[in-house]
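These numbers come from a predicted model, not from an experiment. Starting from 1, each residue takes its place in the sequence as its number. All values below come from the heavy atoms of this structure, side chains included, with hydrogens, waters and symmetry mates left out.
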Amino acid sequence: MKKVMVLLCALMMVIGAAGCGSTSTKDAGKPAEKKELIVGTEPSFAPFEFPDKQSGEITGFDMDLIKAMGKRAGFEKVTVKGMGFDALIPALDAGNIDVAIAGMSITDARKQKVNFTNPYYESGLMAIVKKENTTIKSLDDLKGKTIAVQLGTTGAEAAGKIEGATVKTFDTSDTACLELKNGGADA
């Protein structure tokens, strides 16, 4: 499985929606009529999106990227809203945000609900264990173990398919890691 960093609802779709009513091709490439781009993210995935320790502002690679894209598209302001990972697609669907940017795998089920840009970062699924754990070396070693996962992720989906595993779900990846650190999970 490939984990892919993507933008949901391609920015150009937002720009097109902002200028609804004009079918002329001469309008293509013009700045957005809407002045503010509302972006949703789940800010616990450093270095891509995370709260700055001093200011509390959501920062990271994805935030720099979406702000640059918003500026280039003609938006005067880019406002970032932090929310649960599993709330991103419903927030798009409800019109509470214009786009989402977060570590999200492109799946067929998700593609039925939202549009994706081309991937700009790829990584694989993995499990983490405590340093002193020498018995779990692969996903096969998780059979019958307790696994802490982030709700709504492809990692949670994959963990649910492991034979005999107990899966504990958490709103953020850092709280899932805290469960591991505190001894409430094997991975």
K.L.:
List in chain and number order the residues that pass side-chain hydrogen bond (donor to acceptor under 3.5 Å, both in side chains) with S44, two or more places apart in sequence or in another chain; answer none if no residue qualifies.
P.N.:
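For S44 the side-chain hydrogen bond (donor to acceptor under 3.5 Å, both in side chains) partners, ignoring immediate neighbours, are E42.
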
K.L.:
Counting heavy atoms not belonging to K71, are there more than 12 under 6.0 Å from its NZ?
P.N.:
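Atom NZ in K71 is not crowded, with 12 or fewer foreign heavy atoms closer than 6.0 Å.
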
K.L.:
In the structure I gave you, are the side-chain heavy atoms of I58 and F50 within less than 4.5 Å of one another anywhere?
P.N.:
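A side-chain contact is absent here, since even the closest heavy-atom pair is not under 4.5 Å.
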
K.L.:
Report the residues that fulfil side-chain hydrogen bond (donor to acceptor under 3.5 Å, both in side chains) with T166, sequence neighbours left out, ordered by chain and then residue number.
P.N.:
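Per chain and number, T166 pairs via side-chain hydrogen bond (donor to acceptor under 3.5 Å, both in side chains) with no residue.
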
K.L.:
Can you confirm whether I101 sits close enough to M63 that some side-chain heavy atom of one is under 4.5 Å from a side-chain heavy atom of the other?
P.N.:
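Yes, their side chains come closer than 4.5 Å.
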
K.L.:
Which residues pass the side chain to side chain contact (heavy atoms under 4.5 Å, CB included) test with D64, sequence neighbours left out?
P.N.:
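For D64 there are no side chain to side chain contact (heavy atoms under 4.5 Å, CB included) partners, ignoring immediate neighbours.
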
K.L.:
Check salt bridge (Lys or Arg N to Asp or Glu O under 4.0 Å) between K53 and all other residues, then give those that pass, not counting sequence neighbours.
P.N.:
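In terms of salt bridge (Lys or Arg N to Asp or Glu O under 4.0 Å), with neighbours along the sequence ignored, K53 is linked to no residue.
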
K.L.:
Could you check I147, D141, I128 and say which one makes a side-chain contact (heavy atoms from CB on, under 4.5 Å) with I136?
P.N.:
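The passing option is D141.
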
K.L.:
Is any side-chain heavy atom of Y120 less than 4.5 Å from a side-chain heavy atom of D62?
P.N.:
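Side-chain contact under 4.5 Å: yes.
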
K.L.:
Rest of the hydrophobic cluster containing L151 (Ile/Leu/Val/Met/Phe/Trp/Tyr, side-chain heavy atoms under 4.5 Å)?
P.N.:
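Noted: L151 shares its cluster with no other residue.
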
K.L.:
Among all residues two or more places apart in sequence or in another chain, which pass the salt bridge (Lys or Arg N to Asp or Glu O under 4.0 Å) test with E57?
P.N.:
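Counting only residues at least two positions away or on another chain, E57 forms a salt bridge (Lys or Arg N to Asp or Glu O under 4.0 Å) with K67.
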
K.L.:
Report all side-chain donor-acceptor pairs from residues 79-88 shorter than 3.5 Å, counting only partners two or more places apart or in another chain.
P.N.:
unit_1	atom_1	unit_2	atom_2	d
T79	OG1	E36	OE2	2.3

K.L.:
Got a sec, which pairs hit salt bridge (charged side-chain N to carboxylate O under 4.0 Å, His left out) with one end in residues 177-187, sequence neighbours left out?
P.N.:
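Matches after skipping sequence neighbours: K168-E179.
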
K.L.:
Going by side-chain hydrogen bond (donor to acceptor under 3.5 Å, both in side chains), name the residues that satisfy it together with N96, two or more places apart in sequence or in a different chain.
P.N.:
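With sequence neighbours excluded, N96 shows a side-chain hydrogen bond (donor to acceptor under 3.5 Å, both in side chains) to no residue whatsoever.
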
K.L.:
As a quick check of understanding, evaluate side-chain contact (heavy atoms from CB on, under 4.5 Å) for M69 and L37, giving each step before the final call.
P.N.:
CA-CA 10 Å; M69 291 177 71; L37 179 66; over 6 Å; no

K.L.:
List in chain and number order the residues that pass side chain to side chain contact (heavy atoms under 4.5 Å, CB included) with T135, two or more places apart in sequence or in another chain; answer none if no residue qualifies.
P.N.:
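Per chain and number, T135 pairs via side chain to side chain contact (heavy atoms under 4.5 Å, CB included) with N133.
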
K.L.:
Among residues at least two apart in sequence or on other chains, which ones pass salt bridge (Lys or Arg N to Asp or Glu O under 4.0 Å) with D108?
P.N.:
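Testing D108 for salt bridge (Lys or Arg N to Asp or Glu O under 4.0 Å), a comparison that skips the adjacent residues, returns K111.
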
K.L.:
Quick one: salt bridge (charged side-chain N to carboxylate O under 4.0 Å, His left out) pairs with a partner in residues 142-156, sequence neighbours left out?
P.N.:
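Pairs touching residues 142-156 that pass the test: none.
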
